[in-house]
Amino acid sequence: LADLTVHLFGRTLDNPTVLASGILGVTKSSIILCAEHGAGAVTIKSITRLPRKGHPLPIACGFESGLLNAVGYSGPGYASALEEFAGVSEVSVPVIGSIVAENADEYAFLARQFIDKLRFWAYETPLSCPHTPGYGELAGHSSPDATYEIVKSLKRETDVPVIVKLSANVRGLGEVARAAEQAGADAICAVNTLGPGRSIDPFSGKTVLGYGSGGISGPALKPVAIRCVFEIFQSVKIPIIGTGGVSTALDAVEMLMAGATLVGIGTAVVTRGLKVFAEVTEGLRQFMTEQGYERVSDLTGLAHGD
Ligand SMILES: Cc1cc2nc3c(=O)[nH]c(=O)nc-3n(C[C@H](O)[C@H](O)[C@H](O)COP(=O)(O)O)c2cc1C
């Protein structure tokens with residue numbers, strides 16, 4: 001039988017699927033639910049220092065090949081999140097924390113007061129959200145220099161492995177990923193949502209999202225995400241969590257062959273339900289058996305040749 005386990009940061013994952021940030025991971029019980037449905041690892045929704053209301057409703061809408069969202073990092077703030085996620089290190093699968101901040105000092109604060117206190121398996125920093133003023137791309141966090149500075153300050157605060165999350169909007173993605181690696185990042189997650197994009201309701205003649213524009217996720221994002229993971233794989237040696245438009249086992253195969261070690265799944269959890277983790281895993285096992293691959297790690301980076 002094909003071996004789907006992945007060894008990373010001192011733990012063994014049953015399979016390479018990971019719940020992406022912002023989709024269901026808002027409470028401890030919801031991440032346990034994803035674990036019970038077969039996710040190899042789970043990521044919590046990004047936590048800010050102070051409570052945030054986020055963008056006005058509606059915060060998400062569907063289109064033919066994906067979702068448009070402008071949630072705007074709504075959430076309870078780290079103090080409530082500390083209580084919500086207490087005991088998170090005992091969940092049956094590895095849990096990735098996610099923090100988002102307005103500058104390097106605030107990032108360091110959250111790493112120390114939230115990530116280190118709860119001892120997540122690893123944590124993610126989305127340095128590239130395309131649609132929330134003060135954060136990510138709009139705050140200039142996705143340049144190589146800013147990425148280097150933020151990651152350096154994080155590495156001083158905790159020994160929990162840090163995963164830098166990048167978006168396809170970033171120019172010179174390989175260079176930014178390399179800056180993260182040089183500053184001590186332990187992995188890269190690519191990609192965040194793309195855009196922003198906008199949807200208009202033809203009957204009312206009005207823009208659908210409350211914020212106006214939002215990030216694109218789901219199948220429309222997949223070829224872009226594959227290209228980004230491919231590019232980053234050529235620039236760094238640290239592992240990559242390939243995320244963007246994966247909803248079937250063959251999508252996951254593509255992502256692995258582009259260079260991913262783990263495969264993030266977000267929008268497909270909304271469109272296909274929690275069963276998507278088991279479907280992707282079983283489909284992957286069947287594909288590997290039929291095609292003669294023994295270990296899932298044999299697929300990583302295969303599209304790059306020798
Ligand atoms: C409704 C929604 C909320 C999201 N919230 C976050 C978030 O809080 N932090 C983050 O890093 N990414 C967030 N994302 C981005 C996803 O984690 C993922 O990178 C992106 O959606 C691409 O993957 P997918 O096509 O599988 O959804 C969000 C995406 C959606 C659709």
Side-chain angles (χ1 to χ4, degrees), residues 17-27 30-31 34 39 41-48 52 54-55 57-63 65-78 81 96-101 107 110 122-132 135-137 141-142 162-170 187-197 199 209-211 214-226 228-229 240-248 251-252 254-255 260 262-273 276-277 280:
T17 64
V18 182
L19 172 72
S21 179
I23 294 103
L24 293 187
V26 293
T27 58
S30 62
I31 59 178
C34 292
V42 292
T43 314
I44 70 165
K45 178 174 161 40
S46 300
I47 298 296
T48 51
R52 276 179 61 89
H55 291 322
L57 295 170
I59 51 169
C61 66
F63 65 101
S65 47
L67 279 184
L68 207 55
N69 96 82
V71 176
Y73 294 131
S74 58
Y78 91 97
I96 302 172
S98 177
I99 53 172
V100 67
Y107 263 116
L110 288 171
Y123 70 109
E124 229 170 60
T125 57
L127 299 184
S128 57
C129 172
H131 53 72
T132 309
Y135 293 89
E137 221 177 293
H141 291 168
S142 47
V162 58
I163 304 163
V164 172
K165 185 164 180 180
L166 300 175
S167 107
N169 287 21
V170 171
I188 301 287
C189 175
V191 289
N192 209 319
T193 52
L194 178 70
S199 280
L209 289 185
Y211 182 65
I216 297 165
S217 63
L221 177 60
K222 193 184 80 173
V224 181
I226 298 289
C228 291
V229 169
I240 304 167
I241 305 180
T243 307
V246 172
S247 48
T248 67
D251 294 337
E254 243 189 285
M255 199 55 100
L262 297 177
V263 179
I265 303 180
T267 298
V269 179
V270 179
T271 55
R272 299 174 85 105
V276 69
F277 295 108
V280 168

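Note: hydrogens, waters and symmetry copies are ignored here, and every other heavy atom, side chains too, is used. The first residue of the sequence shown is numbered 1, and numbering continues consecutively from there. Every number for a ligand or one of its atoms is a count from 1 in the order of the listing.
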Q: Of the protein's non-hydrogen atoms, which lies at the shortest distance from atom 21 (O) of ligand 1, and what is that distance?
A: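 Here the nearest protein heavy atom works out to Ser217 CB, 3.3 Å.
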Q: Among all the protein's non-hydrogen atoms, which is closest to atom 20 (C) of ligand 1, and how far away is it?
A: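 Protein heavy atom at minimum distance: Thr193 CG2, 4.0 Å.
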Q: Counting non-hydrogen protein atoms only, what is the nearest one to atom 22 (C) of ligand 1? Give residue, atom name and distance.
A: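 Looking at atom 22 (C) of ligand 1, the protein heavy atom closest to it is Leu221 CD2, 3.6 Å.
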Q: Report the part of Val191 (side chain from C-beta onward, or backbone N, CA, C, O) that has a heavy atom under 4.0 Å from ligand 1; answer both or neither where that applies.
A: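 The answer is the backbone of Val191.
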Q: Do any heavy atoms of Gly218 fall under 4.0 Å from ligand 1?
A: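 Flag set, Gly218 near ligand 1.
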Q: Where on Lys165 is there a heavy atom closer than 4.0 Å to ligand 1, on the side chain, on the backbone, on both, or on neither?
A: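 Near ligand 1, Lys165 shows its side chain, while the N, CA, C and O stay back.
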Q: Using a heavy-atom cut-off of under 4.0 Å, does the side chain or the backbone of Asn192 touch ligand 1, or both, or neither?
A: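 Both the backbone and the side chain of Asn192 come within reach of ligand 1.
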Q: Please determine whether side chain to side chain contact (heavy atoms under 4.5 Å, CB included) holds for the pair Val276 and Ile265, giving the CA-CA distance in whole Å, both sets of side-chain angles, and the decisive distance to 0.1 Å.
A: CA-CA 9 Å; Val276 69; Ile265 303 180; 4.1 Å; yes
Q: Would you check if the side chain of Lys45 reaches a backbone N or O of Gly75 as a donor-acceptor pair within less than 3.5 Å?
A: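 It does not hold such a pair.
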Q: Go through ligand 1 atom by atom and flag the ones less than 4.0 Å from a non-hydrogen atom of Ile23.
A: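 With Ile23 as reference, the close atoms of ligand 1 come out as 29 (C), 30 (C).
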Q: Check whether any side-chain heavy atom of Tyr78 sits under 4.5 Å from a side-chain heavy atom of Thr48, and report yes or no.
A: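 Contact flag for Tyr78/Thr48 side chains = no.
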Q: Which bit of Thr267 is near ligand 1, meaning a heavy atom under 4.0 Å away: side chain, backbone, both or neither?
A: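 Near ligand 1, Thr267 shows its backbone as well as its side chain.
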Q: Could you tell me whether the side chain of Leu19 reaches within less than 4.5 Å of the side chain of Phe277, counting heavy atoms only?
A: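 A side-chain contact exists here, since the closest heavy-atom pair is under 4.5 Å.
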Q: Any N/O of Gly266 closer than 3.5 Å to an N/O of ligand 1?
A: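 N/O-N/O distance below 3.5 Å exists for this pair.
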Q: For Gly245, is at least one N or O under 3.5 Å away from an N or O on ligand 1?
A: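 It does: an N or O of Gly245 is found under 3.5 Å from an N or O of ligand 1.
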Q: Looking only at heavy atoms, is any part of Pro126 under 4.0 Å from ligand 1, and if so is it the side chain, the backbone, or both, or is it neither?
A: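 Just the side chain.
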Q: Find the distance between CD1 (Ile188) and CD1 (Ile241) and round it off to the nearest 0.5 Å.
A: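 Spacing of CD1 (Ile188) from CD1 (Ile241) equals 10.0 Å.
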Q: Does Thr125 reach the main-chain N or O of Leu127 with its side chain, forming a donor-acceptor pair under 3.5 Å?
A: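 Here the side-chain-to-backbone pair does not exist.
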Q: When you compare ligand 1 with Thr243, is there at least one nitrogen or oxygen pair between them that comes in under 3.5 angstrom?
A: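 Such a contact does not occur with ligand 1.
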Q: So do the side chains of Val18 and Thr43 get within less than 4.5 Å of each other, counting heavy atoms only?
A: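 Yes, side chains in contact.
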